[in-house]
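Report on the structure given below.
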Amino acid sequence: MKICVFGASGYVGASVYDKLKQTESTVVGTYLNEPILFDDLYELDVNEPETFSNFFKSEKPDVVVWSVMSGPNEHKLTDQGLMHLLTHLTPQTKLIYISSDFVFSQGNGPYSEEDPLSHLPDDHSFSNYTNAKVKAEKLITKEFSNYVILRAGPIYGENAIGKLDERTDKLSYHLSSNQPIEYRDDLVRTFVHIDDLTNVIEEMVFNDVTGTYHVGPEHEQTLYRFMKVAAHKIGYDETLLSKSTTQEEVDAEIPKNTALKTDKIKTVTKQQFR
Ligand SMILES: NC(=O)c1ccc[n+]([C@@H]2O[C@H](COP(=O)([O-])OP(=O)(O)OC[C@H]3O[C@@H](n4cnc5c(N)ncnc54)[C@H](OP(=O)(O)O)[C@@H]3O)[C@@H](O)[C@H]2O)c1
């Protein structure tokens, strides 16, 4: 079996690539910008139609893990990169697409897989990412059946090459220099550990499960509570953390509760979420 991980230099992609490399399958991965994290990755801009097509036709993967992300250019990644991919997939190729809890941008979770997705107004600071993810899911589910969409809330922990998620990294930077830091206690999320997500992706590569699943533990947490525990785990003084008092601008409000109901995934995976 041949597996292709697009975005193998990213936080999630690197863990997935590293894990799949330890199996007996042939695994290829792509990066866009240096540094090159693994010697054998291919440089590829998925938004370039010709190079994408040449790469895909020469590799002919049986399974694709799509782990690319580009915050401000997420729309381009869906309208161009993902569209290039979708035009090349055969019915036999399995697509594993990593989506986000932000497809539920109304923020009145917890949400189940069947709940309707929502858009943000174009001038909202998260609209590019959120609306691109919603569009991507709709494109995939409309055209294909051999797919797995995994919706994740914030992903945390050290990945396979020792990189921490950005939130914990920032926390560690502040606390190591004894600087106080504030977190919102009104943002509710389902936080998922990178190793748990990576294990699920590996299972999905090799099984014949398809459909849309929420990944993560049963419990949800506020950002403040989660970061407090994170500070304790990395051995810093958690008293430097406090609840944020910053007022949001009404038109730019961050979705409050995007927690995910995660019962469905338990029926198809042996993974126990921490
Ligand atoms: N991190 C989270 O908390 C979180 C939460 C929910 C869902 N997700 C989803 O998980 C997936 C992976 O996220 P991540 O945190 O691993 O992101 P990341 O660390 O930013 O990695 C993004 C990857 O995409 C690649 N990339 C960006 N633009 C590209 C292009 N035009 N052509 C080819 N490759 C391109 C990057 O390549 P270079 O590094 O070489 O530039 C990198 O490998 C995304 O779908 C994201 O929406 C993440």
Side-chain angles (χ1 to χ4, degrees), residues 4-19 28-38 41-53 55-56 64-85 95-105 111 126 128-137 140 147-170 187 189-198 200-201 204 212-216 223 226-227 230 255 258-260 262:
C4 181
V5 181
F6 289 96
S9 54
Y11 171 60
V12 175
S15 274
V16 172
Y17 185 74
D18 182 74
K19 181 112 192 164
V28 290
T30 72
Y31 75 100
L32 180 61
N33 293 299
E34 293 189 358
I36 309 169
L37 301 182
F38 303 93
L41 296 186
Y42 292 85
E43 183 186 353
L44 177 77
D45 184 343
V46 296
N47 296 334
E48 290 289 330
E50 214 168 302
T51 40
F52 182 89
S53 187
F55 174 80
F56 200 89
V64 167
V65 180
W66 190 257
S67 188
V68 293
M69 176 164 86
S70 178
N73 293 318
E74 195 68 25
H75 256 300
K76 205 169 166 193
L77 272 184
T78 297
D79 292 344
Q80 299 181 14
L82 184 69
M83 283 305 285
H84 299 151
L85 174 71
L95 168 63
I96 300 174
Y97 179 86
I98 309 170
S99 188
S100 163
D101 58 346
F102 264 38
V103 295
F104 299 118
S105 55
Y111 292 97
F126 294 110
N128 199 309
Y129 181 71
T130 295
N131 297 349
K133 285 290 188 199
V134 170
K135 186 171 183 184
E137 286 203 19
I140 295 167
Y147 68 83
V148 174
I149 293 174
L150 297 173
R151 292 193 193 125
I155 304 164
Y156 71 95
E158 194 176 290
N159 78 357
I161 54 158
K163 188 176 187 292
L164 270 180
D165 59 284
E166 279 176 16
R167 281 169 213 88
T168 316
D169 206 28
K170 185 175 167 202
L187 302 182
R189 304 285 183 257
T190 299
F191 294 85
V192 59
H193 194 279
I194 183 137
D195 290 346
D196 296 349
L197 173 64
T198 305
V200 169
I201 294 172
M204 295 295 185
T212 300
Y213 297 90
H214 292 172
V215 279
L223 182 61
F226 176 82
M227 296 313 292
T258 57
L260 301 170
T262 55

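One-based numbering, in listed order, for ligands and for the atoms of each.
The shortest N or O to N or O distance between Met69 and ligand 1 is below 3.5 Å. Checked against a 3.5 angstrom limit, the closest N/O atoms of Gly153 and ligand 1 fall outside it. Residue Tyr129 places at least one N or O, backbone or side chain, under 3.5 Å from an N or O of ligand 1. Polar contact check, Leu77 against ligand 1: no nitrogen or oxygen pair lies under 3.5 Å apart. Polar contact with ligand 1: absent for Ser70 (N/O pair, distance under 3.5 Å). Residue contacts with ligand 1: Ala152 is placed with no nitrogen or oxygen under 3.5 Å of a nitrogen or oxygen of the ligand (distance criterion only). For the pair Lys133 and ligand 1, the shortest N or O to N or O distance falls below 3.5 Å. In terms of polar-atom proximity, Ser9 is counted as a contact of ligand 1, with an N or O under 3.5 Å from an N or O of the ligand. Ligand 1 has an N or O atom lying under 3.5 Å from an N or O atom of Asp45, backbone or side chain. An N or O contact shorter than 3.5 Å links Tyr11 to ligand 1 by distance.
Under a cut-off of 6.0 angstrom, the local environment of OH in Tyr42 is sparse, with at most 12 non-hydrogen atoms contributed by other residues, nucleotides or ligands.
Looking at heavy atoms from C-beta onward, Ile140 lies in side-chain contact with Leu82 at the 4.5 angstrom threshold. Taking the side chain as every heavy atom from C-beta outward, Phe104 and Pro255 never approach each other to under 4.5 Å. Taking the side chain as every heavy atom from C-beta outward, Leu44 and Phe6 approach each other to under 4.5 Å.
A donor-acceptor pair is defined here as one N or O able to donate and one able to accept, closer than 3.5 Å; no such pair exists between the side chain of Asp169 and the backbone of Leu164. At least one donor-acceptor pair closer than 3.5 Å links the side chain of Asp165 to the backbone N or O of Gly157.
With rounding to the nearest 0.5 angstrom, the OG atom of Ser15 is 4.0 Å from the CD1 atom of Ile194.
Under the salt bridge (Lys or Arg N to Asp or Glu O under 4.0 Å) criterion, Arg151 pairs with Glu137, not counting sequence neighbours.
In the vicinity of Ile98, heavy-atom distances shorter than 4.0 Å reach the ligand 1 atoms 9 (C), 10 (O), 45 (O). Close contacts of ligand 1 with Tyr31, meaning ligand atoms under 4.0 Å from a residue heavy atom, involve 40 (O).
With no hydrogens or angles considered, a side-chain donor-acceptor pair links Asp101 and Thr258 at under 3.5 Å.
Counting protein heavy atoms only, atom 25 (C) of ligand 1 is closest to Val68 CG1, 4.0 Å.
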